Trainee: 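Questions regarding the structure given below will be posed in turn.
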Protein chains: 2
Amino acid sequence: MKKAIARGNPKGMAPPGRSDTGYHHGELQEALIAASEAILAEHGADGFTLREAARRAGVSPAAPSHHFGNAQGLLTEVAIRGYEALAAALLQAASGKRNARDRLHAQGLAYVEFALTHPGRFQMMFANKRLVADDERLRAAIKAAGREFERVVAELAGGTPKQTGIAAAAAWSTVHGFAKLALEGKFGAGNDEAGRREIMRMLVQVLNHLWPRDARDVA
Amino acid sequence: MKKAIARGNPKGMAPPGRSDTGYHHGELQEALIAASEAILAEHGADGFTLREAARRAGVSPAAPSHHFGNAQGLLTEVAIRGYEALAAALLQAASGKRNARDRLHAQGLAYVEFALTHPGRFQMMFANKRLVADDERLRAAIKAAGREFERVVAELAGGTPKQTGIAAAAAWSTVHGFAKLALEGKFGAGNDEAGRREIMRMLVQVLNHLWPRDARDVA
DNA sequence: CTAATGATCTTAACACCGTTAAGATAGAGA
DNA sequence: TCTCTATCTTAACGGTGTTAAGATCATTAG
């Protein structure tokens, strides 16, 4: 009775993810992750919905559960890739700088740049309650990104590992707080390119203030 | 039209909870705000729902709309009180300290203490998309809290207003980032009293690292 | 080649959510 | 008294995440 039109997409159009053989997707996981990242980019962390992600991937709202369990599972996968991208950005930023202080400044700029370029993804990466916080791979990705940071800080701070930890926490807190406050508009609306430039210029001064080239730069 | 939030009842009466003369509440706004703060305290920023707030206040889901327009309106009111409480905490923390640096440290501790004590409320205060971001009273409350901060920083940084602004942004970024990272568990789970103590101890070291008593404290 | 099996996806339903429209009730003023 | 306005309720709408049950595919066992 209900078979003739029961074929996959009721509108007759093939789903975005190719289905040369029936209605199987083949790469649903990747499609869902890509869709989620697109939603985060377009509507921010609060704009994400699982159903919309499924919609964009061309599947039913229940399909994602077979691959990710629930929305948290999918978002965790997105967050993992986010941390990997962040770690890569931090690594790239530190390369080719002459000294430790320049590397730290470059990483700070890269961190905020990352946050302002991908606000939704960034916010989601730190929305613990929307992720599987104790996921093994997520924890590893976070740790890897953190190490990328500590590596540079260690050169500056020297001393005991504990002192390095403090210095890293200080640097991370500062750039993270700056990024968060900037995203919430506390440093002026950074919507257009001009506002964004202004924010980055302010960040340079903040970094120069807290990690000066030498004592004279403070005054 | 609507609105104007006509506050206060002409003939002072009607005890809270539910009037004995039918179904009028008398102080619904306060009841809704209190309920919202309770929800934020119990279930965090993501756990808030307008319907639950109405439920706790003993009214229908549609009742809040007459007083706050929508959920954003109610949460904005909650955020305003949050910023007022934060400003008070910062003011109180700075009082009775011998010098500018001690005042700054005390405010930093108070800021993070505030965040860890009222996580849900704190997160909501910075969840711009869930508030009426351009609300006049909200902006004023934010500015007031910020001024409480700048006032102390100005003593330390001295120099031009611009330099003071940079120094204030640096201090705010650091404590805000530290608070956010702590709330997201990046510095260890701060659920119990022990973890929380550890976090605060780490904060003291971070503050000492970035704003040392004198040059020798860095090394 | 066929049959069975397990992975994948759909349909349908559930309980919630925020918001709105329309109507009932209360209190205050004419 | 009658009317007006603010307040609150009921009922509905479209949206959400999640689940159970069934259909379909891809692969492998016989």
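Letters A, B, ... are given to chains in the order of the sequence lines, protein chains preceding strands, and every chain is numbered from 1. Note that the structure is predicted; figures quoted are calculated from it, not measured.
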Trainee: Do any N or O atoms from the side chain of A:Arg103 and from the backbone of A:Lys97 form a donor-acceptor pair under 3.5 angstrom?
Mentor: yes
Trainee: Could you please name the option among C:dT10, C:dC17, C:dT20 that lies closest to any side-chain atom of B:Arg55?
Mentor: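 Of the candidates, C:dC17 comes closest.
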Trainee: What is the distance from CG of B:Asp46 to P of C:dC16, rounded to the nearest Å?
Mentor: 19 Å
Trainee: Are the charged groups of A:Arg139 and A:Glu136 less than 4.0 angstrom apart, N to O?
Mentor: no
Trainee: Looking at D:dA12, D:dA20, D:dG17, which one has an atom nearest to any side-chain atom of A:Ala62?
Mentor: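 For the A:Ala62 side chain, the nearest candidate turns out to be D:dA20.
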Trainee: For the side-chain contact (heavy atoms from CB on, under 4.5 Å) test, which of B:Leu50, B:Ile33, B:Leu28 pairs with B:Phe68?
Mentor: B:Ile33
Trainee: Which one, D:dA12, D:dT16, C:dT20, comes nearest to the side chain of A:Thr49?
Mentor: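 The answer is D:dT16, which lies nearest to the side chain.
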Trainee: Send over the distance from B:His66 NE2 to C:dG18 P, rounded to a whole Å.
Mentor: 16 Å
Trainee: Tell me if a side-chain donor or acceptor on B:His105 pairs with a main-chain N or O of B:Trp211 at a distance below 3.5 Å.
Mentor: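 Answer holds: yes.
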Trainee: Keeping the roles fixed (side chain from B:Ser95, backbone from B:Gln92), state whether a donor-acceptor pair exists under 3.5 Å.
Mentor: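 Yes; judged by distance alone, with no hydrogens or angles, the pair exists.
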Trainee: Between atom CG in A:Leu74 and atom P in D:dT16, what is the gap in whole Å?
Mentor: 15 Å
Trainee: On DNA chain D, check which nucleotide each of A:Glu52 and A:Gly69 is closest to and give me the residue with the more 5' one.
Mentor: A:Glu52
Trainee: Take atom NE2 of A:His67 and atom P of C:dC9, then tell me their distance rounded to the nearest Å.
Mentor: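 Interatomic distance, NE2 of A:His67 to P of C:dC9: 4 Å.
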Trainee: Expressed in angstrom and rounded to an integer, what is the separation of B:Gln72 atom CD from C:dT20 atom P?
Mentor: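 Rounding to the nearest Å, CD of B:Gln72 and P of C:dT20 are 11 Å apart.
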Trainee: Roughly how many Å is it from CG in B:Leu32 to P in D:dC8, rounded to a whole number?
Mentor: 9 Å
Trainee: Among C:dT19, D:dT9, D:dT18, find the nucleotide with the atom closest to the side chain of B:Leu50.
Mentor: C:dT19
Trainee: Out of C:dG18, D:dT9, C:dA12, which has the shortest distance to the side chain of B:Ala63?
Mentor: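 For B:Ala63, the side-chain atoms sit closest to D:dT9.
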Trainee: Look at the side chain of A:Val59 and decide which nucleotide, out of C:dT10, D:dT9, C:dT19, has an atom nearest to it.
Mentor: C:dT10
Trainee: Mind calculating the distance between NE2 (B:His43) and P (C:dC17) to the nearest angstrom?
Mentor: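 Rounded to the whole Å, the gap is 11 Å.
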Trainee: Whole angstrom is fine here: how far is it from CG in B:Leu28 over to C1' in C:dG27?
Mentor: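 About 16 Å, once rounded to whole Å.
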